[in-house]
Amino acid sequence: MKMTKYTLFSKTPVQIEPDCYIMALESSCDETACAIVKNGREVIANVVASQIKTHAKFGGVIPEIAAREHLESVNAVIDEAFKQSGLKPEQITAFAGTVGPGLVGCLLVGLNAAKTLALVYDKPFIGVNHLNAHLCGNYIDTDLEPPYIALLVSGGHTQIIDVQSYSKQEIIGETIDDAVGEAYDKVARLIGLPYPGGPVLDKLAKEGNPNAFKLPEAKVDGYNFSFSGLKTAVLRLVKSFDGKELPVNDICASFQECVSSTLYKKVKKALEASGYKQIVIAGGVAANSEIRKKIFSLENEGYRVNAPIMKYCTDNAAMVASCAYFNTNTFDDIDVEVFSRA
Ligand code: KG4
Ligand code: ZN
């Protein structure tokens, strides 16, 4: 992405590194987002149109409706990003879009908008992997550089990643069944909370006793995880109340305690084995207060801990632009096709 140019009057050309402005689009699930990021770390514009209200009625994301809402919002988020930034399309260095994983009909909207902008303004196009983009949310407003261990926790993924460099990373552990966000959303549903369950459950957990119920931590090899047994345990617990009023806050707190301590233990083990001094968390569930608290407690043991601020944890396009800038396993091909699974 680095470009050089020369001043007109100097005898020997002076190399100037012009600032790089990447406009990115993100539409993999239920947020239509557009952002402009300068040099991978400085957010010049950040616009997110959320569809949560629409899908809450159904208790989950309806792909067909989501795709149509993306179509309705995409032009507006692009216009608003240009307006916020004060930049003209000609001043954008490159256009980027999320390629996958995500809902195919949804991805197509943002990706094709980004490709079209690149073609019309004759600029490079950069396709981005949504999961790598979540990690890159950690470069925004920081001086963080690899290597580090990353805990990626979202609605669809739970991974521990050894990030060796900007472009070289290895998944060293992942869930063998439900993702953490999925477990949050399913448990929330079981106890009658609205979609998306994660943020509500997190809030109620703060009012409850984390030791009220002993829920099982799955024993899984290495750095892998399993959360489906925990979900079943909560279902059994709910049934044991046999229609009587549920101690919702205590259930939330006990579930949150179980999830966060499982994540903490595995991350700590991976960190110690890696010899790295840095750990980052990323993905929508990285917004969770207890997970943040436990992972940030590693600072007391001399580790540097980083997590994006809340608005860069959940789906957004600033992280996509950052990922495009740092060239984190990108697809620099205008013909790249969307994909649904990692
Ligand atoms: O990364 P994301 O915005 O979308 C995906 O790529 O999946 O993550 C969405 C997930 C949802 O499952 C949502 O319930 C969860 O992140 N989430 C949370 C919190 N905020 C969002 N889960 C637990 N605690 C939170 N505070
Ligand atoms: Zn996401």
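Order of listing sets the numbers, starting from 1, for every ligand and every atom in it. Every value quoted in this text rests on a predicted model; they were computed, and no experiment measured them.
Atom 18 (C) of ligand 1 has its closest protein heavy atom at Gly198 CA, 3.7 Å. In terms of protein heavy-atom proximity, atom 11 (C) of ligand 1 is closest to Asp185 OD2, 3.5 Å. Here the heavy atom of the protein found nearest to atom 21 (C) of ligand 1 is Gly284 O, 3.4 Å. The protein heavy-atom contact nearest to atom 24 (N) of ligand 1 is Asn288 ND2, 3.0 Å. With hydrogens left out, the protein atom closest to atom 15 (C) of ligand 1 is Val285 CG2, 3.9 Å, a heavy atom.
Among Ile22, Ile36, Asp19, the single residue meeting the side chain to side chain contact (heavy atoms under 4.5 Å, CB included) criterion with Ile44 is Ile36.
For Lys294 and Tyr264, the positive end is not near the middle of the six-membered ring at less than 6.0 Å and at most 45° from its axis.
Closest heavy-atom approach to atom 26 (N) of ligand 1 within the set Asp202, Leu201, Asp30: this belongs to Asp202. One option in Ala133, Ala179, Gly155, Ser50 has a heavy atom closer to atom 7 (O) of ligand 1 than any other, and that option is Gly155.
Residues Asn300 and Ser297 bring no donor and acceptor atom of their side chains to less than 3.5 Å of each other. Side-chain contact check for His130 and Glu26: at least one donor-acceptor pair (N or O, by modelled atom type) lies under 3.5 Å.
Aromatic pair Tyr166/Tyr139: centroids less than 6.0 angstrom apart. Phe255 and Tyr184 have their aromatic ring centers within a separation under 6.0 angstrom.
Not one N or O on the side chain of Asn211 forms a donor-acceptor pair closer than 3.5 Å with the backbone of Lys214. In this structure a side-chain-to-backbone donor-acceptor pair under 3.5 Å is present from Ser254 to Phe213.
With a 4.0 Å cut-off on non-hydrogen atoms, His134 touches ligand 1 through its side chain and not its backbone. With a 4.0 Å cut-off on non-hydrogen atoms, His130 touches ligand 1 through its side chain and not its backbone. At a heavy-atom distance under 4.0 Å, atoms from both the backbone and the side chain of Asp315 approach ligand 1.
Atom OD1 is the N/O/S atom of Asp315 found closest to the Zn ion (ligand 2).
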